[in-house]
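Quick notes on the structure that follows.
Atoms within each ligand, like the ligands themselves, are counted from 1 in listed order. Any value given below was found using the heavy atoms of this structure, including those in side chains, with hydrogens, waters and symmetry copies removed.
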Amino acid sequence: MQNVKEYISQHKDRFINELIDLLKIPSVSADTAYNQDVLNTADAVKISLEKAGCDKVELCETPGYPIVYGEKIIDPNLPTVLVYGHYDVQPADPIELWDSPAFEPVIKKTDIHPEGAIFARGACDDKGQMYMHVKALEYMTSTGNLPCNVKFMIEGEEEVGSESLAWFVPRNKEKLANDVILISDTGMIANDIPSITTGLRGLSYVEVEVTGPNRDLHSGLYGGAVANPINILTKMIASLHDENNHITIPGFYDKVEDLSREERDEMAKAPFSLEDYKNALDIDAVYGEEGYTTNERNSIRPTLDVNGIWGGYTGEGAKTVIASKAYAKISMRLVPGQEWEEITELFKKHFESIAPKSVKVVVTPHHGGQGYVTPIDNIGYKAASKAYQETFGVTPIPQRSGGSIPIVALFEQELKSKTILMGFGLNSDAIHSPNEHFGVWNYLKGIETIPHFYKYFTELSK
Ligand code: BES
Ligand code: MN
Ligand code: MN
């Protein structure tokens, strides 16, 4: 497959421009104002799959945004790779922190990406990484290098919990039947230290509302005599971690699968510099659960974080007021063993139980999902490892990630196949943040590596 590099160098500018066009459509799934843009993006993905050589491409209707499905079946006796990705993106806010508009992609050089990076919302998560697969397919079909069958399933609600896909998958098991699921929606350690993601954390996302008096009050007339919901809420939140940063919700850790000393030692071999980590974030010290390293804290351990908190007066100047209500959005990242619905229930029970009589508390669950760990002794992992070996010249390191793609656990449950997470993004690519970007080198390296995966997977399946 020597000519994949050649093919890429011939078509590189077009590959970049096509991605830029896709990035211009603001497919923000969380905000209904972008409804038509999300739908337009689905259309654009559909057309791109047709052009890349799929025989059958359709927009599958769901209760929410459509799922783009495409396939090229060359021989039912050959293995089938199912590619998953998402065409929706996170909201761009806070927009004032972007150096260039989020939906007007520009290529700029950075220290980490000397060959340039494409700056736009969705560049890395996940339009850029998803589109690598479309272009890899184009290469394989147009040069006669597709060694097996391929199916694509690209959804538009990943960033808001994949509800429609969870509806779609169990209803379309036959259509989606496959031998391995391939996803590029994660990252790797560095451009010279490739890694394959072997684990994802689960998630439980809740919103809490604390109500004190039935109306906002003068903080002089009533202050000190009635509960201030903001004071109470912050106190309740603070109590969710103890002095060692363990989470205090009873039963929270009961089902956490602890890793053996050997597994933790193995993990610790991955190259990591705490100094670089702190410098990149401008912090003087890291923080977290006692007894665990930074990389353990952000991958194999569960966490609880406030994502947003509001209430009272936040406008200009001062207003002396005790608000009637205070709110927070809280996410818990979960690890294998923990059931997200059970954790949501434990949180609710505990949070209600610690509320003083002076306030009322309502806990509203949002979405959630299970974590995932994939073994490295299957042919999918081996094929991926060989593919990276071929294009990066080194063996990739297996690494558990702290992020979540909740639908992956459902794929295994419903479709009975393993997922291989070949991510080409970097932590510094600022996904979900202002100035999200994706290295041009990473984009092209992904396109180059994917066809090798197909080749090795087909060979190892024999
Ligand atoms: N692609 C990310 C998940 C990810 C990124 C995993 C990097 C590993 C490394 C995905 O789009 C995402 O943002 N997932 C959400 C969960 C979802 C339910 C909103 C997350 O992890 O917060
Ligand atoms: Mn993603
Ligand atoms: Mn995301």
Looking only at protein heavy atoms, which one is nearest to [atom], and what is the separation?
{"atom": "atom 17 (C) of ligand 1", "result": "Glu158 O, 3.7 Å"}
{"atom": "atom 19 (C) of ligand 1", "result": "Glu159 O, 3.5 Å"}
{"atom": "atom 6 (C) of ligand 1", "result": "Gly403 CA, 3.7 Å"}
{"atom": "atom 21 (O) of ligand 1", "result": "Arg333 NH1, 2.8 Å"}
{"atom": "atom 9 (C) of ligand 1", "result": "Ser401 OG, 3.4 Å"}
{"atom": "atom 14 (N) of ligand 1", "result": "Ser404 O, 2.8 Å"}

Thinking salt bridges, do [X] and [Y] make one under a 4.0 Å N-O criterion?
{"X": "Arg301", "Y": "Glu289", "result": "yes"}
{"X": "Glu138", "Y": "Lys51", "result": "no"}
{"X": "Glu18", "Y": "Lys135", "result": "yes"}

For residues Tyr65 and Trp167, establish whether the separation of their ring centroids is below 6.0 Å.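 No, too far apart.
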Validation row, ring centre Phe424 to ring centre Tyr388 under 6.0 Å: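 That pair passes the under 6.0 Å test.
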Taking 2.8 Å as the distance threshold, tell me the number of protein N/O/S atoms next to the Mn ion (ligand 2).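 Protein N, O or S neighbours of the Mn ion (ligand 2) under 2.8 Å, waters not counted, come to 4.
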Considering the heavy atoms of [X], write down every atom of ligand 1 situated less than 4.0 Å from one of them.
{"X": "Ile431", "result": "5 (C), 7 (C)"}
{"X": "His86", "result": "11 (O)"}
{"X": "Pro406", "result": "18 (C)"}

So is Asp126 in contact with ligand 1, going by heavy-atom distances below 4.0 Å?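 No; Asp126 lies far enough from ligand 1 that no heavy-atom distance drops under 4.0 Å.
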Should His432 be listed as contacting ligand 1, given a heavy-atom distance under 4.0 Å as the test?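 Right, His432 reaches ligand 1.
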Distance only, no hydrogens: is a donor on one side chain within 3.5 Å (strictly under) of an acceptor on the other, for [X] and [Y]?
{"X": "Gln36", "Y": "Asn40", "value": "yes"}
{"X": "Tyr287", "Y": "Asn245", "value": "yes"}
{"X": "His452", "Y": "Thr391", "value": "no"}
{"X": "Glu263", "Y": "Ser260", "value": "yes"}

For Asn172, side chain to side chain contact (heavy atoms under 4.5 Å, CB included) partners two or more places apart: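 Testing Asn172 for side chain to side chain contact (heavy atoms under 4.5 Å, CB included), a comparison that skips the adjacent residues, returns Phe168, Lys175, Leu176.
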Using side chain to side chain contact (heavy atoms under 4.5 Å, CB included) as the criterion, list what pairs up with Val106, not counting sequence neighbours.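 For Val106 the side chain to side chain contact (heavy atoms under 4.5 Å, CB included) partners, ignoring immediate neighbours, are Ser100, Lys108, Phe119.
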Looking at ligand 1, does any of its N/O atoms fall within less than 3.5 Å of an N/O of Gln90?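 No, Gln90 has no N/O under 3.5 Å of an N/O on ligand 1.
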Heteroatom proximity flag, Asp185 to ligand 1, N/O under 3.5 Å: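 Asp185 vs ligand 1: N/O contact under 3.5 Å present.
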Applying ring pair (Phe, Tyr, Trp, His ring centres under 6.0 Å), name anything that partners Tyr253, two or more places apart in sequence or on another chain.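 Tyr253: no ring pair (Phe, Tyr, Trp, His ring centres under 6.0 Å) contacts found.
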